[in-house]
Amino acid sequence: MEPVYKFTNVGKTFGGIDENLEILKDINLEVRQGETLAIVGASGSGKSTLLHIMGALDKPTTGEVFFDGQSLSRMSPAGLAEFRNSSLGFVFQFHHLLPEFTALENVSMPGLIAGRPLAQVLPQARMLLERVGLQNRLESRPTTLSGGERQRAAIARALLLRPRVILADEPTGNLDEHTGQQVVSLLLELNREFGTTLVIVTHNSELAAQMDRALELRAGVLYEKTFA
């Protein structure tokens, strides 16, 4: 089976005033459909850069990234926007919910951006909010939700269009240990339920150990990560 993601000799360099900074070096990586993968590393190791390249939010300096065998670098800007909205769901450390909208409206947003009718989108958003335990918070705005509730709403939003892949960047970074574990358990449960590939970048080894597979970024190079 074709891997959902394939990285071939991917490198990323940022230019500075005096020198170039090489963040990623010859990354070769395959991600299978339905698996859960953690990418760990110290702050500044390039984890978020790697995730942004997966999400077509950034481009590699060298090499190619393939999704279902199609090169992302050969997609048009409009094609990349469609790819991000239809195939990917994003969960960030900062939930990025729009404060002027309710939880239900926030979760509905990807469907409305995709041009789907409100009558179709709202029941799906309501069902997902109920699924993540926010059935009593549909009309609440983000400022009235707890940190864990905001992150659960962000997960529901990421799942609205049934994406092939969920990309999560430090999804528990702003949560206490108990709430963070609840969020991780929910992500794993939804992975099993919907068959959605889950890629998480984190500095939390305990979180990473719960995934099917873990990789570690050190000095721009990916290594297999094992846990005692």
Side-chain angles (χ1 to χ4, degrees), residues 1-13 22-41 45-92 110 114 155 158-171 184 186-205 207-227:
M1 180 184 295
E2 183 79 33
V4 63
Y5 271 111
K6 184 175 182 179
F7 278 51
T8 304
N9 300 322
V10 166
K12 181 65 178 179
T13 301
E22 192 175 24
I23 300 297
L24 302 176
K25 302 175 183 179
D26 291 327
I27 300 294
N28 290 285
L29 170 66
E30 292 188 359
V31 182
R32 300 180 299 276
Q33 180 63 43
E35 81 166 314
T36 61
L37 171 66
I39 299 172
V40 302
S45 62
K47 304 186 303 297
S48 293
T49 298
L50 181 59
L51 199 75
H52 289 172
I53 289 174
M54 277 189 173
L57 300 170
D58 199 355
K59 295 181 179 180
T61 307
T62 57
E64 285 197 84
V65 179
F66 298 89
F67 187 90
D68 278 346
Q70 184 176 4
S71 172
L72 297 185
S73 65
R74 298 177 189 176
M75 290 186 185
S76 66
L80 286 173
E82 167 62 21
F83 161 70
R84 283 190 294 267
N85 198 47
S86 63
S87 297
L88 305 179
F90 295 92
V91 180
F92 297 105
I155 292 168
L159 286 166
L160 183 77
L161 296 180
R162 292 292 191 271
R164 295 280 305 282
V165 179
I166 293 289
L167 301 175
D169 191 352
E170 298 284 7
V184 172
L186 176 61
L187 284 168
L188 291 172
E189 188 176 333
L190 294 170
N191 158 261
R192 292 189 294 268
E193 184 173 333
F194 296 119
T196 304
T197 303
L198 174 62
V199 180
I200 293 180
V201 301
T202 182
H203 66 272
N204 186 329
S205 293
L207 185 163
Q210 298 177 63
M211 303 298 119
D212 296 329
R213 186 162 59 112
L215 301 171
E216 184 175 9
L217 257 179
R218 298 198 306 267
V221 179
L222 268 182
Y223 299 90
E224 293 287 337
K225 176 75 173 176
T226 57
F227 301 95

Novice: How far does CD1 of Ile53 sit from CG of Leu29, to the nearest 0.5 angstrom?
Specialist: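 Reported value, rounded in 0.5 Å steps: 11.5 Å.
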Novice: Look up atom CZ in Arg164 and atom CZ in Phe194, then write down how far apart they are to the nearest 0.5 Å.
Specialist: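 Taking CZ in Arg164 and CZ in Phe194, the distance rounds to 16.0 Å.
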Novice: Identify the heavy atoms of Gly34 and Asn191 that sit nearest to each other, and give their distance.
Specialist: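 Closest pair (atom of Gly34, atom of Asn191, distance): O-ND2, 3.2 Å.
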Novice: Could you give the distance from CG (Leu50) to CG (Asp169), rounded to the nearest 0.5 Å?
Specialist: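 If we round to the nearest 0.5 Å, Leu50:CG and Asp169:CG are 10.5 Å apart.
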Novice: Sort out for me which residue in Thr8, Val221, Asn9 forms a side chain to side chain contact (heavy atoms under 4.5 Å, CB included) with Asp26.
Specialist: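 It is Asn9, the one option of Thr8, Val221, Asn9 that forms the side chain to side chain contact (heavy atoms under 4.5 Å, CB included) with Asp26.
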Novice: Looking at Glu64 and Ser71, what are the two nearest heavy atoms and their distance?
Specialist: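 Where Glu64 meets Ser71 most closely, the heavy atoms are OE1-OG, 2.6 Å.
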Novice: Which is it for Arg213 and Thr36 under the side chain to side chain contact (heavy atoms under 4.5 Å, CB included) test, yes or no, and what are the steps along the way?
Specialist: CA-CA 7 Å; Arg213 186 162 59 112; Thr36 61; over 6 Å; no
Novice: May I ask you to check whether Tyr5 and Phe67 place their ring centers less than 6.0 Å from one another?
Specialist: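 Centroid separation for Tyr5 and Phe67: below 6.0 Å.
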Novice: Are the side chain of Lys25 and the backbone N or O of Gly220 linked by a donor-acceptor pair below 3.5 Å?
Specialist: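 The answer is no, because no donor-acceptor pair under 3.5 Å joins these two groups.
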Novice: About how many Å separate CD1 of Ile166 and CG of Leu187, when rounded to the nearest 0.5 Å?
Specialist: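 Here the rounded value is 7.5 Å.
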Novice: How far does CG of Leu80 sit from OG of Ser73, to the nearest 0.5 angstrom?
Specialist: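 Interatomic distance, Leu80 CG to Ser73 OG, rounded to 0.5 Å: 9.0 Å.
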Novice: For the residue pair Thr49 and Lys12, what are the closest heavy atoms and their distance?
Specialist: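 Result for this residue pair: CG2-CG, 3.8 Å.
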Novice: Go through it in stages, so that I can follow the logic: the residues are Asn28 and Phe7, the test is side chain to side chain contact (heavy atoms under 4.5 Å, CB included), and I'd like the CA-CA distance, side-chain angles, deciding distance and then a yes or no.
Specialist: CA-CA 5 Å; Asn28 290 285; Phe7 278 51; 5.8 Å; no
Novice: Can Arg32 and Asp212 be counted as an ion pair, charged N to O under 4.0 angstrom?
Specialist: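 Judged by the 4.0 Å cut-off on N to carboxylate O distance, Arg32 and Asp212 do not form a salt bridge.
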Novice: Using every non-hydrogen atom in the two residues, find where Val165 and Leu167 come nearest and quote the distance to one decimal.
Specialist: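 That would be CG1-CD2, 3.6 Å.
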Novice: Do the side chains of Leu188 and Met211 get nearer than 4.5 Å, heavy atoms only?
Specialist: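 Yes, close enough: below the 4.5 Å cut-off.
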Novice: Where the side chain of Arg84 meets the backbone of Ala56, is there a donor-acceptor pair that is under 3.5 Å apart?
Specialist: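 Here the side-chain-to-backbone pair exists.
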Novice: Looking at every non-hydrogen atom in both residues, tell me the closest pair between Ala114 and Leu161 and how far apart they are.
Specialist: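 Here Ala114 and Leu161 meet closest at CB-CD1, 4.2 Å.
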Novice: Is it the case that the side chain of Thr62 and the backbone of Gly11 share a donor-acceptor pair, with hydrogens and angles ignored and the cut-off at 3.5 Å?
Specialist: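 Looks like yes, one N/O pair under 3.5 Å.
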Novice: If you compare all heavy atoms of Pro163 against all heavy atoms of Ser87, which two are closest, and at what distance to 0.1 Å?
Specialist: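 Nearest pair, atom of Pro163 first, then Ser87: CB-O, 3.4 Å.
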Novice: For a 4.5 angstrom cut-off between non-hydrogen side-chain atoms, does Leu37 reach Leu215?
Specialist: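 Side chain of Leu37 against side chain of Leu215, heavy atoms only: contact under 4.5 Å found.
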Novice: With rounding to the nearest 0.5 Å, note down the distance linking CD in Glu22 to OG1 in Thr61.
Specialist: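 Between Glu22 CD and Thr61 OG1, I get 8.5 Å after rounding to 0.5 Å.
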Novice: So do the side chains of Glu82 and Met75 get within less than 4.5 Å of each other, counting heavy atoms only?
Specialist: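 Result no, sub-4.5 Å side-chain heavy-atom pair not found.
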Novice: Heavy atoms, side chains only, cut-off 4.5 Å: are Val4 and Glu35 in contact?
Specialist: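 Val4 vs Glu35: side chains apart.
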Novice: For Gly195, does its backbone N or O pair with a side-chain atom of Gln33 as donor and acceptor, under 3.5 Å?
Specialist: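 Answer holds: yes.
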